[in-house]
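Working notes, beginning with the structure itself.
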Amino acid sequence: MATLVQAIRMGLHVGEERLGVTDIFGEDVGPPLGGVFTATQGLKTAWNSPLDERGVIGTAMGLALAGQKPVCEIQFSDYIYNTIDLLKLAGSMYWSSNGDWNLPMVCMTPVGAGIRGSIYHSHSFDATATHIPGWKIVMPSNPLDAYGLLLSAIADPNPVFYLAPKALLRVKAGPGELLPGEPADEKALSKMIDAPVGDRTTWKPEWPNLETLFVPIGKAKTVRPGKHVTVVSYGRTLPLSVKAADELMAEGIDAEVIDLRSLHPYDWEAIAESVKRTNRVVFVNEETEITNFGEHLIRRTVDELFYHLHAPPKLVAGAFVPGIGLADNLERASVPQKNDIAEAIRATALHTP
Amino acid sequence: MATLVQAIRMGLHVGEERLGVTDIFGEDVGPPLGGVFTATQGLKTAWNSPLDERGVIGTAMGLALAGQKPVCEIQFSDYIYNTIDLLKLAGSMYWSSNGDWNLPMVCMTPVGAGIRGSIYHSHSFDATATHIPGWKIVMPSNPLDAYGLLLSAIADPNPVFYLAPKALLRVKAGPGELLPGEPADEKALSKMIDAPVGDRTTWKPEWPNLETLFVPIGKAKTVRPGKHVTVVSYGRTLPLSVKAADELMAEGIDAEVIDLRSLHPYDWEAIAESVKRTNRVVFVNEETEITNFGEHLIRRTVDELFYHLHAPPKLVAGAFVPGIGLADNLERASVPQKNDIAEAIRATALHTP
Amino acid sequence: MTVSAVSVEPKTSSDPHLAPELCIKLHDTMLKTRVLEERLITMYKQGDGYFWIGGPGEEAFNVPLGMLVHKGQGVEHDYLHLHYRSSGTLLAMGADPVDSLRQMKNTATDPYSGGRNFAGHYSARKWNVVPISSPIEVQFSMASGTAMAQKRHGGKGITIVQGGDAGTAEGDFATCLVWSSRKGNEVPVLMIVTNNRWGISTSYDGQHGEKYIADRGKAFGIATAVVDGNDPEVAYHALKKAMDYVRTERRPFLLEASVSRLYGHSSASGANFNKVETDCLARFEAKLEERGVLTRKAMDDLRAKYTQELLEATKRVREEPQPDGKTIYDFVFADRNIVGKDH
Amino acid sequence: MTVSAVSVEPKTSSDPHLAPELCIKLHDTMLKTRVLEERLITMYKQGDGYFWIGGPGEEAFNVPLGMLVHKGQGVEHDYLHLHYRSSGTLLAMGADPVDSLRQMKNTATDPYSGGRNFAGHYSARKWNVVPISSPIEVQFSMASGTAMAQKRHGGKGITIVQGGDAGTAEGDFATCLVWSSRKGNEVPVLMIVTNNRWGISTSYDGQHGEKYIADRGKAFGIATAVVDGNDPEVAYHALKKAMDYVRTERRPFLLEASVSRLYGHSSASGANFNKVETDCLARFEAKLEERGVLTRKAMDDLRAKYTQELLEATKRVREEPQPDGKTIYDFVFADRNIVGKDH
Ligand SMILES: Cc1ncc(C[n+]2csc(CCOP(=O)(O)OP(=O)(O)O)c2C)c(N)n1
Ligand SMILES: Cc1ncc(C[n+]2csc(CCOP(=O)(O)OP(=O)(O)O)c2C)c(N)n1
Ligand SMILES: [Mg+2]
Ligand SMILES: [Mg+2]
């Protein structure tokens with residue numbers, strides 16, 4: 001049972017071996033550390049960059065233009081905000097050259113709260129990312145999707161953001177969710193691919209014999225079928241939404257939970273089909289709540305499904321404050337917790353006009 | 001009748017004389033040019049910066065921290081996207097220091113399309129700006145508001161974005177909308193404050209004796225009362241919305257048009273009061289349409305006014321494509337035109353469940 | 001391997017003359033470029049375009065640059081990360097000036113952007129010309145990426161990145177210095193600063209603490225030179241030397257060239273001829289006449305010929321279709337990889 | 001006025017010794033700082049905090065810096081744009097170490113951020129200490145702003161900005177070089193690079209083409225020096241000289257100091273003592289003992305005293321209230337101007 005971060009690492013390895021990945025780079029991505037979250041340990045094309053996010057993005061663009069297949073990392077999405085112009089440029093290169101140059105690069109970055117990361121290790125990036133045209137965006141919430149979406153991101157001929165929810169990196173795959181080729185024994189897996197503590201100069205990973213698995217970009221996944229209300233989420237708040245839904249069964253509320261997984265393009269069909277059945281919908285994410293991607297989904301919902309709605313569509317999102325404070329109480333009050341989600345689901349499910 | 005850009009210039013002058021402005025700076029802001037749109041001609045504290053937007057924002061922050069009152073300019077909002085991290089930092093300084101340091105600075109930047117500015121002189125900035133906590137945001141659509149909002153922005157103890165709609169800079173004030181102290185004869189005004197063509201080394205402006213006028217941040221203005229449908233807009237699309245509304249009178253549709261003017265904090269009361277009367281609402285702006293500030297307003301509308309709505313709330317916004325193309329047809333297809341707005345108003349007004 | 005950084009004071013005439021045939025070729029393309037830029041300016045002034053920006057005054061530098069490029073597609077060839085004053089380079093590489101008229105007139109036939117981008121914003125994947133974008137200096141953040149691919153590949157292909165003087169204040173210029181000179185990881189990039197001592201209306205004086213911008217390379221162990229970019233022969237030699245160094249040593253080089261801005265910054269500043277600045281073309285023509293390489297009449301005739309050709313081309317281009325509004329949705333996403341191998 | 005850039009090779013002992021009283025004071029604060037950092041690390045390890053980052057190994061440089069600061073509020077005094085290794089500077093300025101425990105424990109009583117920010121993220125308006133933020137190098141983009149206000153005001157106040165070696169790769173470092181040295185517009189800023197030859201896990205080698213980072217100032221005509229930041233006497237002299245220059249000349253200075261990272265990067269890398277790196281405190285104590293300025297016992301006693309004091313303080317701080325969740329909405333907007341005059 002790989003963890004989400006091990007699944008990323010294995011995906012990157014398969015990317016190197018079978019999908020032409022030439023460079024996995026960023027701050028502290030190469031040896032000896034292999035990433036501040038261990039995502040890039042033991043990878044043969046991983047290297048450490050200067051401490052310069054603009055250089056990271058720019059170099060990835062240059063590598064992609066020269067026919068390489070780079071996967072670059074911004075160490076925390078909190079530190080991506082000095083590169084938005086370059087990201088916009090990357091997203092517009094194919095378009096502005098009228099189809100002359102495409103730009104096949106992947107930009108990975110850990111996002112979100114949940115680790116008491118304080119003001120600069122808790123940021124979400126989905127509002128900003130979804131507002132940049134020309135990028136595809138994926139965000140897994142479990143190891144299997146982490147693997148399958150990464151391979152799809154690497155194979156894609158366009159720039160793709162790969163947003164990794166920080167709080168879920170150590171989450172393990174559920175039963176029956178082994179990656180294809182992954183050893184069933186998690187200790188054995190750890191021994192093979194986790195770098196040892198201490199001196200690593202002679203360490204080499206022993207990669208399992210993995211098969212490719214492509215989770216298509218743009219396809220959501222219904223992780224919990226239900227009939228009273230639709231809950232659409234992704235990332236850290238997805239498992240919280242599932243838990244909230246599970247608990248609400250005791251109250252007779254049966255919520256359907258959809259893991260969006262791809263934020264652009266996103267699976268409107270899956271949302272619409274579900275909302276047409278449940279007539280109620282809650283969108284959940286942890287970004288600050290003004291000009292939030294969930295608001296786009298609400299706009300589209302009222303645009304296209306207005307007369308299917310038996311309750312106002314609801315957004316559960318982060319508080320609109322300048323940062324996420326360090327103290328427990330502050331973090332909890334700033335981003336959605338299980339109870340906040342449960343409350344919104346309950347209110348929406350029980351809403352009577 | 002001052003133009004919008006003349007009103008900005010006069011506001012900056014009053015800011016220097018009466019509100020403690022110490023620095024008006026940015027690329028080509030000082031002599032000899034006085035700004036690519038003439039906004040900063042003849043101002044005594046205007047100076048040219050190096051070509052470095054990060055330095056512009058950072059220096060403004062430093063000046064503000066040292067008790068100065070800087071008004072900095074980013075020449076086009078298209079070029080602000082390498083500074084988003086600094087803007088976030090500015091917006092969080094008071095909060096993260098728990099009230100130890102506030103940051104009184106104004107950041108002006110021209111926004112939007114309408115001048116055939118192609119990919120990099122047509123950007124909107126309201127989606128990104130409204131997603132940065134800790135900033136106030138204003139955006140005038142006429143000379144009087146341009147003046148009054150600028151003085152309020154300067155007097156505010158917080159960082160304030162002053163977004164100037166490029167396409168309206170040469171628009172003149174309507175009758176009866178003279179700035180307090182402005183000479184009634186527009187030619188006389190031009191002679192006094194517009195820099196001459198050619199050599200300007202000895203030129204000095206002759207400033208009219210202006211009074212202060214503070215348009216409060218956070219107050220919208222109903223520019224066209226109506227009873228069938230509410231239209232909320234700002235910037236370039238505001239006068240287009242008014243024109244569309246005027247024309248629709250011929251069809252018996254009487255639209256109320258609200259100029260939001262402040263995007264943060266925004267005047268929810270004005271919107272709610274109007275929508276409760278008309279039961280229908282169209283939000284209009286020219287930003288790209290995914291994760292757009294108008295979607296926030298729609299979310300709040302369905303959250304708080306769901307049962308007042310007789311039609312789905314509508315957004316008219318820019319196409320979600322990586323740029324605004326140069327050719328007429330491309331620009332027109334990319335950002336809302338009068339007919340697009342009229343169509344949305346008509347559909348919303350005539351909508352029957 | 002250590003390399004001592006070399007810095008050269010601007011020099012104008014110490015280098016030997018180039019062979020007459022080469023001079024004639026240089027002159028031909030310089031002249032063609034000038035005529036093209038003047039045509040574009042006229043188009044703007046006559047309402048056949050919304051905005052003009054270009055490189056009149058930089059022909060003596062940009063034309064030799066284009067001639068010396070190892071032209072082609074892929075890492076074996078040179079990558080070019082240029083800015084909006086590079087017509088001379090493109091024409092020297094073989095671009096059709098009529099295509100520039102198309103971009104000026106934003107026709108659907110504009111091969112560089114399909115009527116989407118401003119004049120002078122070239123893109124030519126077949127020649128490794130990366131799309132020119134309006135934001136200043138971002139090309140310097142991308143350049144070490146293509147150069148890194150070339151270093152890895154081996155061979156002689158290099159990356160050339162070019163920008164103005166004012167733009168070096170952006171962090172991206174420093175990014176290129178840092179990323180290209182990492183010890184043991186140096187990459188073959190030729191950084192060019194074409195210094196016209198202006199950023200729109202802002203003069204060099206008062207904004208720069210550096211005597212020469214090129215000196216900024218020295219702390220990084222980057223080889224540097226400063227040349228008179230108004231003399232095509234000097235520029236040719238300097239470029240050749242710098243390119244040979246980068247091709248062979250697989251290390252960065254920073255070259256600063258003084259150039260003129262003969263029609264001001266762009267149409268936004270009027271696009272009128274500036275009589276104060278050195279006109280590299282006039283200067284070169286005087287030399288060629290003096291040396292007996294070309295007669296005044298031959299040069300005048302050539303100018304008349306190019307002028308007429310482009311005038312006629314403008315009329316044809318005017319009739320070419322404008323892009324349809326619906327096409328704004330074209331090319332948002334690629335469905336297959338065209339820059340590298342498809343996987 | 002022209003100033004020739006001066007560069008000094010690292011030097012360890014050529015400077016004369018400081019007076020014994022000053023040495024005792026230096027030692028006292030260095031020791032107190034070290035004990036504080038070790039307390040914070042222990043707090044982290046015992047679950048009394050979520051994250052530790054700080055400056056053990058930089059005391060020999062940061063303590064003299066804090067002692068030499070012209071402390072106070074407003075343009076007459078020095079502005080400090082520091083990063084997360086600056087406890088020594090703050091303690092030397094007179095900060096209460098218990099407040100650092102409060103920030104570690106993210107209590108509502110934390111005077112620097114009210115429990116919002118990580119340990120070591122100081123803010124002290126009364127002393128012109130600009131809020132320390134986690135993003136690397138952004139302080140270098142702000143520094144010329146405060147310095148510009150000081151230049152304008154006149155007087156002796158200067159701006160001090162400090163960051164690590166790896167962070168100089170960010171464009172913001174170049175921004176400070178550019179903006180502080182504009183000809184005729186130079187500003188009084190002392191730029192400090194504390195070079196521990198690491199950025200988290202990334203070694204200096206392979207990332208830098210520069211022998212000395214300070215050399216990057218030379219092209220801009222900025223005065224520079226490189227010093228051994230592990231020797232408090234050398235650091236004191238170098239800082240004094242650099243600060244005097246900036247105070248008097250009203251021009252920038254770039255000072256690079258080699259320092260140690262004694263407990264690794266942060267708690268994320270384990271926060272364990274590194275025996276390989278130079279321990280500036282141990283080295284200084286040996287000297288003081290040798291010179292007869294302080295006895296081993298006196299120093300051990302002092303360490304025991306500070307250790308005990310802070311241990312007890314931790315217990316008290318543990319009982320202090322945590323911030324309430326509702327307070328997240330406090331201080332989003334100011335309702336009056338507190339940094340300057342109110343209008
Ligand atoms: C990032 C960015 N900021 C501002 C501008 C607006 N702008 C266009 S050209 C220019 C001046 C460029 O000067 P320089 O780099 O010296 O190049 P030159 O035009 O003189 O060749 C400016 C400020 C821009 N295009 N991009
Ligand atoms: C903009 C930004 N990028 C990345 C990080 C993550 N990070 C924190 S410290 C650090 C290394 C800093 O190295 P250096 O500048 O040498 O300072 P040192 O910690 O060694 O004192 C990194 C990459 C950050 N805080 N900010
Ligand atoms: Mg220039
Ligand atoms: Mg370091």
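- Scanning residues 281-288 of chain A against chain B with a 4.5 Å non-hydrogen threshold yields A:E287, A:T288, sorted by number.
- For the set B:G134, B:S118, B:A311, B:G325, the entry with the most heavy-atom pairs within less than 4.5 Å of chain A is B:A311.
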Exercise for review: Kindly determine whether B:N158 and B:L103 satisfy side chain to side chain contact (heavy atoms under 4.5 Å, CB included), including the steps that lead there.
Suggested key: CA-CA 5 Å; B:N158 300 286; B:L103 196 76; over 6 Å; no
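- Only the side chain of A:I298 comes within contact range of chain B, with heavy atoms under 4.5 Å apart.
- Heavy atoms closer than 4.5 Å to chain B are found in both the backbone and the side chain of A:L89.
- Ring to ring, A:F293 and B:H131 are not that close: their centroids are 6.0 angstrom or more apart.
- Although no hydrogens or angles enter the test, the distance criterion places a donor-acceptor pair under 3.5 Å between the side chain of A:T130 and the main chain of A:A127.
- For B:R54, the part sitting under 4.5 Å from any heavy atom of chain A is the side chain, from C-beta outward, and nothing else.
- One side chain, A:T237 or A:S233, offers a donor N or O that lies under 3.5 Å from an acceptor on the other.
- Between the side chain of B:D267 and the backbone N or O of B:A220, at least one donor-acceptor pair lies under 3.5 Å.
- Panel note: side chain A:R299, backbone B:E289; a donor-acceptor pair is recorded below 3.5 Å.
- Of the possible donor and acceptor atoms, none in the side chain of A:K88 sits under 3.5 Å from a partner among the backbone N and O of B:G323.
- Aromatic ring centroids of A:F306 and B:H351 lie 6.0 Å or more apart.
- Residues of residues 76-83 of chain A that come closer than 4.5 Å to chain B, counting heavy atoms only, are A:Y81, A:N82, A:T83, ordered by residue number.
- In the model, B:T291 has no side-chain atom that pairs as donor or acceptor with a side-chain atom of A:T291 under 3.5 Å.
- For B:Y307, the part lying near chain A is the side chain, with the backbone staying farther off; criterion is any non-hydrogen pair under 4.5 Å.
- Remark: A:D156 engages A:K136 in a salt bridge (charged side-chain N to carboxylate O under 4.0 Å, His left out) (not counting sequence neighbours).
- Taking 4.5 Å as the heavy-atom cut-off, the residues of residues 92-101 of chain B that approach chain A are B:S92, B:W95, B:S96, ordered by number.
- The main-chain N or O of A:G218 is found under 3.5 Å from a side-chain atom of A:S262 such that the two form a donor-acceptor pair.
- When heavy atoms are compared at a cutoff of 4.5 Å, A:I324 approaches chain B solely by way of its backbone atoms N, CA, C and O.
- Per-residue heavy-atom pair counts under 4.5 Å with chain A were compared for B:K314, B:H264, B:E295, and the maximum is reached by B:E295.
- For a residue to count as touching a neighbouring chain, one of its non-hydrogen atoms must lie under 4.5 Å from one of that chain's; by this rule B:L326 does not touch chain A.
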